[in-house]
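To keep things clear, I will list the structure first and then write my remarks on it.
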Number of protein chains: 2
Amino acid sequence: MAEHAQEALFRPVRAGNAFEETVERLMQSIRLGVVAPGERLPSERDLATRLGVSRVTVREAIRSLQENHYVESRRGRYGGTFVNEVLPKSAPAKDFGDLHDVLTLRRVLETGAAETAAGRSLGPAERRGLRARLEEASTSTLAEYRRKDSRLHLAIAEVTGSAALTAAVAESRMRANELLDHIPLLEPNLAHSNAQHERVIASILDGDPGAARQAMAEHLDGTASLLRGFLSV
Amino acid sequence: MAEHAQEALFRPVRAGNAFEETVERLMQSIRLGVVAPGERLPSERDLATRLGVSRVTVREAIRSLQENHYVESRRGRYGGTFVNEVLPKSAPAKDFGDLHDVLTLRRVLETGAAETAAGRSLGPAERRGLRARLEEASTSTLAEYRRKDSRLHLAIAEVTGSAALTAAVAESRMRANELLDHIPLLEPNLAHSNAQHERVIASILDGDPGAARQAMAEHLDGTASLLRGFLSV
DNA sequence: CTCCAAAGGTATGTCTGCGAGCCATTGGCT
DNA sequence: AGCCAATGGCTCGCAGACATACCTTTGGAG
């Protein structure tokens, strides 16, 4: 029997129980900036349907987010669950053992997404969306940078037209962000990052897959080496 | 709220119940050739631990595979569950709606894997493994080609050293194979495929990431256009 | 020849998660 | 002022999944 491939195929079928995975997803949507501070999450009934989980489980997950001061709920029509304006610091460090794993997958997915996006003929709405996200990221403060940055990268994945690729990028970014939250974010990094973003988006809008791939690769390799430097000490 | 990214983040948290996902995994390990005909699956207790699922659930899944003539079980020490020499035809066609989705993700993952593999310094065992898989694929019959082909592609993902990437490739190949099983496999395709495999592996062993990526891209684009041709009628 | 380790086969009690229904609250609409 | 639609809050019974324990079969080791 092929020995090593088994590790991948016989890995656990579920990352956790339904409750934990639901918390994870809602957390992702907030941390990645898909639902911004002040905005409302979908209703509990809606979330239950979309996430394929019972409403009871959704409520338990939301309760957990409330207790950790991520969201607040209001009853009544036009009520709902709203993301707090001020979000808690991220959870304490997890294990860094899979640093190589995270960075390898991220590089593959995101350079591939950039290349694919550049190879498609984008509609005006998509082009506007990309420029808007770029603008948001470049004008953001240090505090909200990680969220705006993620939104931009997610937007790139979205315009590939592949839901599975978008989901994979979201997952991968979440894992990477958990690590990035433990290294300092400095103004010079941010400026450098913005410049790279502009090159990536420009290449995509120009329809130059090779350039988009390379620009994205350089962008990612920057933060990757930062990470390796800080965490491998 | 960012409208489109929600589709990815608020997708169902689980693909099915524990039983269904377990069947899926075991099926994958057989269809992708990770456990070849005549070989033995890990013991039920072992599988239960690795898959993070109860032994009862594992047994139900194995029972399902028995009923579909994929495996047979024998009791006693040195017994176990063995993959049948003659495997059933694949399940009836599913929906082809996500053809673009499957092909996009596959291209990103596998070209990325090839490039990453070529960028690493491989040990002698890894190099031998790759050559062995290549040899197996090139000398295989039509009947066993899909399995040997998958093993080769999985082996490439494995030598990236990223378990997450390997798992993603396995998942993606499984989805692609479901589609490929519904188009004819002809001798000329096979010969062409083998030639492309050789170029991919040669580039990886030579440590030329760009060439590996390009060779893999051409290889995948070949079957992709075949698929699009047959299924979009 | 006997023993026994390792594998599949079976049974039971517990707990998680689900479905479905109902209640309580709220703010716009009439 | 009253209505009511949409939202969060709550409860209860059932089905799925789990952990654990024990039984049965088998073939090599001693």
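Naming convention: chains lettered A, B, ... in sequence-line order (proteins, then strands); numbering from 1 in each chain. Note that this is a predicted model, so its numbers are computed, not measured.
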Within 45° cone of B:Phe10 ring axis and under 6.0 Å: A:Arg25 NZ or CZ: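 No, a cation-pi geometry is absent between A:Arg25 and B:Phe10.
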Closest-nucleotide ordering on DNA chain C, the 5'-leading residue of A:Gly52 and A:Arg75: A:Gly52
Residue whose closest nucleotide on DNA chain C lies nearer the 5' end, A:Tyr78 versus A:Asn17: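 Its nearest nucleotide lies further toward 5', so the answer is A:Asn17.
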Distance test, side-chain N/O of B:Ser43 to OP1/OP2 of C:dA6, below 4.0 Å: no
N/O (side chain, B:Thr81) to phosphate O (OP1/OP2, C:dG8) under 4.0 Å: yes
Nearest-neighbour nucleotide for the A:Phe19 side chain, D:dC18, C:dG9, C:dG17 considered: C:dG17
Polar pair under 3.5 Å, donor/acceptor by atom type, side chain B:Arg55, base C:dG9: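 Donor-acceptor pair under 3.5 Å: yes.
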Nucleotide [N], atom [atom2] - distance to [atom1] of [X] in whole Å:
| X | N | atom1 | atom2 | answer |
| --- | --- | --- | --- | --- |
| A:Arg40 | D:dA6 | CZ | P | 12 Å |
| A:Arg63 | D:dG9 | CZ | P | 9 Å |
| B:Arg77 | C:dA7 | CZ | P | 8 Å |
| A:Glu44 | C:dG19 | CD | P | 15 Å |
| A:Leu51 | C:dG17 | CG | P | 14 Å |
| A:Ile62 | D:dC10 | CD1 | P | 13 Å |
| A:Phe82 | D:dT7 | CZ | P | 10 Å |
| B:Glu60 | C:dT10 | CD | P | 12 Å |

Residue met sooner reading DNA chain D from 5', once A:Arg14 and A:Ser73 are mapped to nucleotides: A:Ser73
Indicate whether any N or O donor in one side chain lies under 3.5 Å from an N or O acceptor in the other, for [X] and [Y].
| X | Y | answer |
| --- | --- | --- |
| B:Ser138 | B:Asn194 | no |
| A:Thr81 | A:Ser73 | yes |
| B:Asp149 | B:Ser193 | no |

Side-chain donor-acceptor distances from residues 122-130 of chain B under 3.5 Å, at least two apart:
{"unit_1": "B:Glu126", "atom_1": "OE1", "unit_2": "B:Gly123", "atom_2": "N", "d": "3.0"}
{"unit_1": "B:Arg127", "atom_1": "NH2", "unit_2": "B:Leu205", "atom_2": "O", "d": "2.9"}

Sugar-phosphate only, base, or nothing, as touched by A:Arg45 at under 4.0 Å among non-hydrogen atoms: base
Sugar-phosphate, base or nothing in reach of A:Arg59, heavy atoms under 4.0 Å: base
